[in-house]
Amino acid sequence: GRLLGPAGFSRTVAVKRLHSHIARDPEFVTMFLDEARIAARIRHPNVVATLDVVTTGDEVFLVMEYIVGRSLAQRLDADGPLPVADILRIGSQIARGLAAAHAQGLVHRDIKPANILLENGVERVKITDFGLAHAVDDVEDLLCRYERRMAFRMRSEPDCSGMCSCGMTFGVSAMAA
């Protein structure tokens with residue numbers, strides 16, 4: 001999509017739309033908007049920026065920074081195992097992005113190669129999809145999963161799930177090499 005400012009400035013953005021049956025659930029929309037506000041606090045070069053949430057009628061859209069590139073999953077599928085230098089570079093950037101989220105009291109609970117974007121033209125990595133716009137067929141299933149493993153949550157106790165997932169993601173990549 002394109003984000004147009006009042007002075008005529010425009011920028012390409014990524015837009016995720018909640019499925020309409022989920023967007024009609026006021027409890028879920030409130031939870032989604034709260035999480036989007038939390039996600040928008042993370043300002044770090046290794047985290048995809050949340051720019052806005054737009055609601056129109058029964059529709060809810062999450063507006064995020066657009067990244068030109070491919071996911072780590074796509075790279076692994078296309079090129080096979082990563083060289084050790086790439087594992088270290090990518091892994092350290094993921095760790096820095098997760099640390100920025102943790103500094104805000106937030107935990108990303110879905111670190112996997114599909115949620116790691118590799119920006120074209122630079123060696124920068126961006127963490128995406130903190131679970132804010134997952135669309136499933138059953139709202140109750142979504143709420144149960146949300147309660148079981150929130151993609152974002154305020155930390156009330158120490159939690160290393162994002163860092164552990166980061167280690168697992170790259171441990172598997174390293175073993176494949």
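Please read these numbers as outputs of a predicted model, since none were measured by experiment.
- Residues passing the side-chain contact (heavy atoms from CB on, under 4.5 Å) test with Q74, sequence neighbours excluded: R70, S71.
- Checked for salt-bridge contact, K112 and D110 meet the test: a charged N lies under 4.0 Å from a carboxylate O.
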* **side-chain contact (heavy atoms from CB on, under 4.5 Å) evaluation trace for H108 with H102** => CA-CA 9 Å; H108 187 301; H102 290 187; over 6 Å; no
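- Taking 4.5 Å as the limit, some side-chain heavy atom of L118 sits within range of a side-chain heavy atom of I90.
- Residues R124 and P45 form a side-chain contact, since some pair of their non-hydrogen atoms from C-beta on lies under 4.5 Å apart.
- Here the side chains of V48 and T50 are not in contact, with every heavy-atom distance at 4.5 Å or above.
- By the 4.5 Å heavy-atom criterion applied to side chains, T128 and E65 are not counted as neighbours.
- With a 4.5 Å cut-off on side-chain heavy atoms, I127 and N115 do not count as touching.
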* Using the side-chain contact (heavy atoms from CB on, under 4.5 Å) rule, take R75 and D86 through it: C-alpha gap first, then chi angles, then the decisive distance, then the call. => CA-CA 11 Å; R75 179 172 173 190; D86 286 353; 2.5 Å; yes
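- A73 and A114 make their closest contact through CB-N, 3.7 Å (heavy atoms, listed as atom of the first residue, atom of the second, distance).
- Linking ILVMFWY side-chain heavy atoms closer than 4.5 Å, directly or via other members, places V53 and F28 in a single hydrophobic cluster.
- The hydrophobic cluster containing Y66 does not contain V47, counting ILVMFWY residues as joined when their side-chain heavy atoms lie under 4.5 angstrom apart, directly or transitively.
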* Could you go step by step and tell me if F61 and L18 meet the side-chain contact (heavy atoms from CB on, under 4.5 Å) rule? -> CA-CA 6 Å; F61 301 92; L18 283 178; over 6 Å; no
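- Not counting sequence neighbours, the partners of R89 by the side-chain hydrogen bond (donor to acceptor under 3.5 Å, both in side chains) test are E123.
- In this structure, V125 and I94 have side chains that are in contact, with non-hydrogen atoms separated by less than 4.5 Å.
- A23 and V29 get closest at one heavy-atom pair: O-CG2, 3.1 Å.
- Closest of all the heavy-atom pairs between A36 and L62 is CB-CD1, 4.3 Å.
- L82 places a side-chain heavy atom less than 4.5 Å from the side chain of L72.
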